[in-house]
Amino acid sequence: MLITGATGGIGAAVARAAADRSYRVMAAGRDTGQLDRQCAEMPGSIPGPLDLRSPGGLAASLPALDRLDALVHCAGVAEVASVEETPHSMWLETLTVNVVAAAEITRMLLPALRRAAGHVVFINAAPGLHAVPRWSAYAASKTALRELADSLRAEEAPYGLRVTTIYPGGTATDLLAKVRARFGRPYHAADCIQPATLASVVLTLLDMRDDAYLPEVSVLPTPRR
Ligand SMILES: NC(=O)c1ccc[n+]([C@@H]2O[C@H](COP(=O)([O-])OP(=O)(O)OC[C@H]3O[C@@H](n4cnc5c(N)ncnc54)[C@H](OP(=O)(O)O)[C@@H]3O)[C@@H](O)[C@H]2O)c1
């Protein structure tokens with residue numbers, strides 16, 4: 001299984017859960033020291049240094065794989081800014097990391113995914129379904145990511161690939177803490193989805209019997225009484 005954003009809150013939890021289930025994991029991210037430390041604690045895992053701001057350089061960084069059972073796209077950036085506040089550089093980074101790199105990694109790994117009749121999982125977000133004021137570039141990127149997943153699902157059906165988009169609600173990570181602060185909203189980690197819970201959803205999807213799968217899944221935090 002290859003997981004992008006494996007140094008992040010959700011990606012690290014998915015990598016841990018996958019290693020616990022004896023998947024051979026390639027944990028991809030930018031921080032090589034962090035990746036090495038994580039992989040030392042996950043038997044059967046290897047680090048995959050990747051900077052998604054430069055999709056043109058990804059081919060040299062990706063391993064040559066014969067088969068790939070699962071590709072889980074967790075990497076993402078989520079700057080809070082309106083159209084008025086979003087400079088060209090932020091548009092480029094958001095669309096490049098959140099969409100273009102995901103498409104490029106998927107494209108390069110398609111032969112291995114096809115051989116395994118594998119599963120591609122995209123971690124999307126509610127702004128991929130409904131625009132959110134002051135989150136313009138992020139919403140645009142997640143909407144594009146949803147359409148990328150839908151195109152891929154239709155195109156790759158003849159090869160037996162499964163493609164799932166997950167829309168998580170607030171999940172207790174550094175990213176959510178930062179986003180809530182920028183929106184001036186409270187953040188209580190205990191009231192959010194825990195990354196390990198979201199990871200268990202991903203692993204449940206991947207472990208389903210192969211006669212059916214879930215193309216889209218929304219995950220919400222349980223309301224507190
Ligand atoms: N947390 C939530 O409430 C929530 C809800 C819905 C959807 N999501 C989505 O879930 C995904 C993971 O979010 P998270 O909460 O786990 O955030 P996070 O902790 O900030 O993790 C984001 C990951 O993306 C990686 N990344 C960012 N820019 C990169 C780049 N240029 N090259 C390579 N990797 C890069 C980060 O690596 P570095 O550490 O090197 O930056 C990190 O591993 C995102 O796509 C986010 O949109 C999150």
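Every number for a ligand or one of its atoms is a count from 1 in the order of the listing. Numbers for residues simply follow the sequence, beginning at 1.
- The protein atom (non-hydrogen) at minimum distance from atom 13 (O) of ligand 1 is I10 CD1, 4.0 Å.
- Taking 4.5 Å as the limit, some side-chain heavy atom of L2 sits within range of a side-chain heavy atom of L62.
- Cluster membership for L68 and Y23, using ILVMFWY side-chain heavy atoms within less than 4.5 angstrom, is not shared.
- The nearest protein atom to atom 9 (C) of ligand 1, hydrogens excluded, is given as I123 CG2, 3.7 Å; this is a heavy-atom distance.
- With a 4.0 Å cut-off on non-hydrogen atoms, T7 touches ligand 1 through its backbone as well as its side chain.
- The heavy atom nearest to atom 1 (N) of ligand 1, considering only N124, T173, L145, is found in T173.
- By the criterion of a heavy-atom distance under 4.0 Å, neither the backbone nor the side chain of I193 is placed next to ligand 1.
- In this structure, the protein non-hydrogen atom closest to atom 26 (N) of ligand 1 is A75 CB, 4.2 Å.
- Using a cut-off of 4.0 Å between Lys/Arg side-chain N and Asp/Glu carboxylate O, E79 and K178 are scored as salt-bridged.
- The option with the heavy atom closest to atom 23 (C) of ligand 1, from among G5, G29, A126, is G5.
- Across T197, L198, L176, I123, a single residue satisfies side chain to side chain contact (heavy atoms under 4.5 Å, CB included) together with T171, and that is L198.
- At least one donor-acceptor pair closer than 3.5 Å links the side chain of N98 to the backbone N or O of V77.
- When atom types are taken as modelled, the side chain of R180 and the backbone of Y187 share no donor-acceptor pair closer than 3.5 angstrom.
- The single protein non-hydrogen atom nearest to atom 40 (O) of ligand 1 is R30 NE, 3.0 Å, given as residue, atom name and distance.
- Nearest protein heavy-atom neighbour of atom 31 (N) of ligand 1: D51 OD1, 3.0 Å.
- Counting heavy atoms from C-beta outward, E216 and R146 have side chains that approach closer than 4.5 Å.
- Nearest protein heavy-atom contact of atom 46 (C) of ligand 1 is Y138 OH, 3.6 Å.
- Those atoms of ligand 1 with a heavy atom of L50 less than 4.0 angstrom away are 32 (N), 33 (C).
- Not a single heavy atom of K178 sits closer than 4.0 Å to an atom of ligand 1.
- Between T171 and ligand 1, at least one N/O pair is under 3.5 Å apart.
- Taking distance alone, with nitrogen or oxygen atoms compared against 3.5 Å, K142 approaches ligand 1 more closely than that limit.
- Two residues are said to be in side-chain contact when any heavy atoms from C-beta on lie closer than 4.5 Å; R53 and R30 meet this criterion.
- Atoms of ligand 1 lying under 4.0 Å from at least one heavy atom of V77, given by number and element, are 27 (C), 28 (N).
- Shown here is R224, whose CZ atom has more than 12 heavy atoms of other residues, nucleotides or ligands within 6.0 Å.
- If you take CZ on F122 and CD1 on I166, they are separated by 11.5 Å, rounding to the nearest 0.5 Å.
- When the side chains of ILVMFWY residues are joined at heavy-atom separations under 4.5 Å, either directly or via intervening members, L109 and M1 end up in two distinct hydrophobic clusters.
- Residues D69 and L206 are not in side-chain contact: their nearest non-hydrogen atoms beyond the backbone lie 4.5 Å or more apart.
- Proximity of P221 to C192: side-chain heavy atoms (C-beta onward) are nowhere separated by under 4.5 Å.
- Counting only heavy atoms of the protein, atom 21 (O) of ligand 1 lies nearest to G8 CA, 3.3 Å.
- Nearest-heavy-atom check against atom 11 (C) of ligand 1 across A102, G76, C74 picks out C74.
- Atom 19 (O) of ligand 1 has its closest protein heavy atom at G9 N, 2.8 Å.
- Of all the heavy atoms of H73, none lies under 4.0 Å from any atom of ligand 1, so neither backbone nor side chain is involved.
- Within the 4.0 Å heavy-atom shell around ligand 1 one finds V97.
- Near L175, meaning under 4.0 Å from any of its heavy atoms, are these atoms of ligand 1: 15 (O), 17 (O), 18 (P), 20 (O).
- If you check each of A125, G169, G170 against atom 5 (C) of ligand 1, the one with the closest non-hydrogen atom is G169.
- Side chain of R162 to backbone of V121: no donor-acceptor contact under 3.5 angstrom is found.
- Shown in contact with P168 at under 4.0 Å from a heavy atom are these atoms of ligand 1, numbered in order with element: 5 (C), 6 (C), 7 (C).
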